[in-house]
Novice: 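Please see the structure below; I have some questions.
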Amino acid sequence: MDRGSKPAVLVTGGAGYIGAHTAKALHEQGYFPVVYDSLSSGFREAVGWGAFVHGDIRDAGALAEAIDAHGVKAVIHFAGLIEVGRSVVKPDLFWEHNVAGTTTLLSTMRERGVNRLVFSSSAAVYGQGGRGPLESIPEDAPKAPASPYGDTKLACEWMIEAQCRAYGLTAVALRYFNAAGADPSGLIGEAHEPETHLIPLAIAAALGDGKPLTVFGDDFDTPDGTCLRDYIHVCDLATAHVAALRADLPAGAFEAVNVGTGQGASVFEVVEAVGRAAGRPVPHSIGARRAGDPPSLVADPARARALLNWTPVCSSLEQIVVDALRWERNPAYGAGVRGRRAVEIENTTV
Ligand code: UFG
């Protein structure tokens, strides 16, 4: 695809779930996305807009080359490891990929004169943080990550903020709540391997493609006893990235912004919504609580509206589930991509 006069934006991790949706949103809003991805967990099939560069986030030379070759003006940085459970057993890997990788990216950006960044952070920076069970979370809430994954996201935020002050970088860290759903085209969607997230697992259970769902605890201090989460449609997340890129901020500014709806949905509500959309109930049983799961994680989304002029437009639970289901049912993508990936991993793991 020819860049023409479009501003080029490097999207590290752009072959992953949120990265691919953001690359599409960038394309739709007049940018030229340059996807930079090692394909260690992303999918080549998910790269359909702009250019693709196969590279590792820790490789300064390859990053510099991609920036120079495409005249990159800004970076949206998703590349990194995301599985919370794995971070507990392999914390060193998370610090190497997420923190050292971000250090390499920041110094390369500085060297090449790129001074605008949107960073993929997470509600994981908050952890339990001493709030009441149903309180929504503003950005200045106490930070108490419950996993090394959350630690690395918070460490990156600190590092980026310091470099904004020191070097005039302008950056927005977006703290996502629960990303869910898929592009309405059915061409891109969620495909993690292994899959641990509630909505794809509930869909697989309803369609008979997976095991019955285990609900992790029904004795939390919440209205129906199951955990509350703030599910945000991945297409709304994608537009939040474009809004963060465009926000009118002075040189040297650093802003951390929640990306959520402000509404919590319980695990039982999700199970019901998936059952309605699939036209068959989700087979499930109640199991033990999962270690590290806070009872409730719901964003206070006021800052995103004020600073980025962004509000979600497609994040009702119904819409999220209908779009996720369309993707899962597309045999060429959805479960098909996940199946191919599982085979690849089986063949290459040493
Ligand atoms: N759940 C089940 N059964 C399952 C899977 C999940 O009951 O088989 C429940 C969980 O206990 C939780 C809710 O469904 O209450 C959502 O769980 P997910 O695994 O889908 O998502 P998390 O809230 O655990 O994780 C999300 C992001 C992470 C981020 C974390 C921050 O996916 O990247 O929020 O806490 F780190």
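We use all heavy atoms of the structure for the numbers below, so side chains are in, but hydrogens, waters and symmetry mates are not. Whatever order the structure lists ligands and atoms in, that order sets their numbers, starting from 1. Computed from a predicted model, the values in this text were never measured in an experiment.
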Novice: Please determine, by modelled atom types, if Ser120 and Tyr176 share a side-chain donor-acceptor pair under 3.5 angstrom.
Specialist: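 Yes - a donor-acceptor pair under 3.5 Å links their side chains.
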Novice: Going by the order shown, which atoms of ligand 1 are within less than 4.0 Å of some heavy atom of Val267?
Specialist: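 Matching atoms, with element in brackets: 7 (O), 9 (C), 14 (O), 15 (O).
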Novice: With respect to atom 29 (C) of ligand 1, which of Ser122, Pro200, Ser121 exhibits the smallest heavy-atom separation?
Specialist: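 Minimum heavy-atom distance to atom 29 (C) of ligand 1 goes to Ser122.
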Novice: Considering heavy atoms of the protein only, find what lies nearest to atom 36 (F) of ligand 1 and give residue, atom and distance to 0.1 Å.
Specialist: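 Result: Tyr149 CE2, 3.1 Å.
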Novice: Provide the number and element of each atom of ligand 1 under 4.0 Å from a heavy atom of Leu201.
Specialist: 8 (O)
Novice: Taking the cut-offs as 6.0 angstrom to the six-membered ring centre and 45 degrees off its axis, would you call Arg86 and Phe94 a cation-pi pair?
Specialist: no
Novice: Report, in ascending order of atom number, the atoms of ligand 1 lying under 4.0 Å from any heavy atom of Ala124.
Specialist: 31 (C), 36 (F)
Novice: Kindly write out the residues that satisfy salt bridge (charged side-chain N to carboxylate O under 4.0 Å, His left out) with Glu65, not counting sequence neighbours, or none if the list is empty.
Specialist: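 Applying salt bridge (charged side-chain N to carboxylate O under 4.0 Å, His left out) to Glu65 gives none.
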Novice: Return the option from Thr214, Asp293, Leu213 holding the heavy atom at the smallest distance from atom 3 (N) of ligand 1.
Specialist: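 It is Thr214 whose heavy atom sits nearest to atom 3 (N) of ligand 1.
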Novice: Is the shortest heavy-atom distance from the side chain of Glu190 to the side chain of Glu195 under 4.5 Å?
Specialist: yes
Novice: Distance to 0.1 Å, residue and atom name: give those for the protein heavy atom nearest to atom 20 (O) of ligand 1.
Specialist: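 Going by distance alone, atom 20 (O) of ligand 1 is nearest to Leu198 N, 2.8 Å.
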Novice: Validate the cation-pi geometry between Arg110 and Tyr167: distance from NZ or CZ to the six-membered ring centre under 6.0 Å, angle to the ring axis within 45°.
Specialist: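 That pair qualifies as a cation-pi contact.
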Novice: Can you sort out which atoms of ligand 1 are near Val84, meaning under 4.0 Å from one of its heavy atoms?
Specialist: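 Within the 4.0 Å cut-off of Val84, ligand 1 contributes 36 (F).
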Novice: Considering only NZ, NE, NH1 and NH2 on the basic side and carboxylate oxygens on the acidic side, decide whether Glu157 and Lys143 come within less than 4.0 Å.
Specialist: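 Salt bridge between Glu157 and Lys143, a charged N being under 4.0 Å from a carboxylate O: no.
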Novice: When you measure from atom 15 (O) of ligand 1 to every protein heavy atom, which one gives the shortest distance, and what is it?
Specialist: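 Going atom by atom, the protein heavy atom closest to atom 15 (O) of ligand 1 ends up being Cys227 CB, 2.9 Å.
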Novice: To which protein heavy atom is atom 32 (O) of ligand 1 closest, and what is the distance rounded to 0.1 Å?
Specialist: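 Minimum-distance protein heavy atom for atom 32 (O) of ligand 1 reads His197 NE2, 2.8 Å.
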Novice: Counting C-beta onward and ignoring hydrogens, is there a side-chain heavy-atom pair between Asp68 and Arg112 closer than 4.5 Å?
Specialist: yes
Novice: Any heavy atom of Tyr231 closer to ligand 1 than 4.0 angstrom?
Specialist: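 Yes; Tyr231 lies near enough to ligand 1 that a heavy-atom distance drops under 4.0 Å.
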Novice: So, is the end of the Arg44 side chain (NZ or CZ) under 6.0 Å from the ring centre of Phe52 and within 45° of the ring's axis?
Specialist: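 Checked: cation-pi criterion met.
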Novice: Which of the atoms of ligand 1 are close to Val215, meaning less than 4.0 Å from one of its heavy atoms?
Specialist: 7 (O)
Novice: Atom 7 (O) of ligand 1: which protein heavy atom is closest, and how many Å away?
Specialist: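 Looking only at protein heavy atoms, the one closest to atom 7 (O) of ligand 1 is Phe216 N, 2.8 Å.
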Novice: Identify, by atom number and element, the atoms of ligand 1 in contact range of Thr196, meaning under 4.0 Å from any of its heavy atoms.
Specialist: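 With Thr196 as reference, the close atoms of ligand 1 come out as 5 (C), 19 (O).
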Novice: In the structure I gave you, are the side-chain heavy atoms of Asp219 and Arg289 within less than 4.5 Å of one another anywhere?
Specialist: yes
Novice: What protein heavy atom is closest to atom 19 (O) of ligand 1, reported as residue, atom name and distance in Å?
Specialist: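 Closest protein heavy atom to atom 19 (O) of ligand 1: Arg290 NH2, 3.0 Å.
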Novice: Look at atom 35 (O) of ligand 1 and say which protein heavy atom is nearest, naming residue and atom and giving the distance to 0.1 Å.
Specialist: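 Going by distance alone, atom 35 (O) of ligand 1 is nearest to Leu297 CD1, 3.3 Å.
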Novice: Parallel, tilted or perpendicular for His192 and Tyr17, by the 30°/60° rule?
Specialist: perpendicular
Novice: For atom 22 (P) of ligand 1, what is the closest protein heavy atom, and at what distance to 0.1 Å?
Specialist: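 Scanning the protein heavy atoms, the shortest distance from atom 22 (P) of ligand 1 goes to Asn178 ND2, 3.5 Å.
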Novice: Would you say atom 26 (C) of ligand 1 touches the protein, meaning some protein heavy atom is under 4.0 Å from it?
Specialist: yes
Novice: Donor-acceptor pair, Ser315 side chain versus Ile232 backbone, under 3.5 Å?
Specialist: no
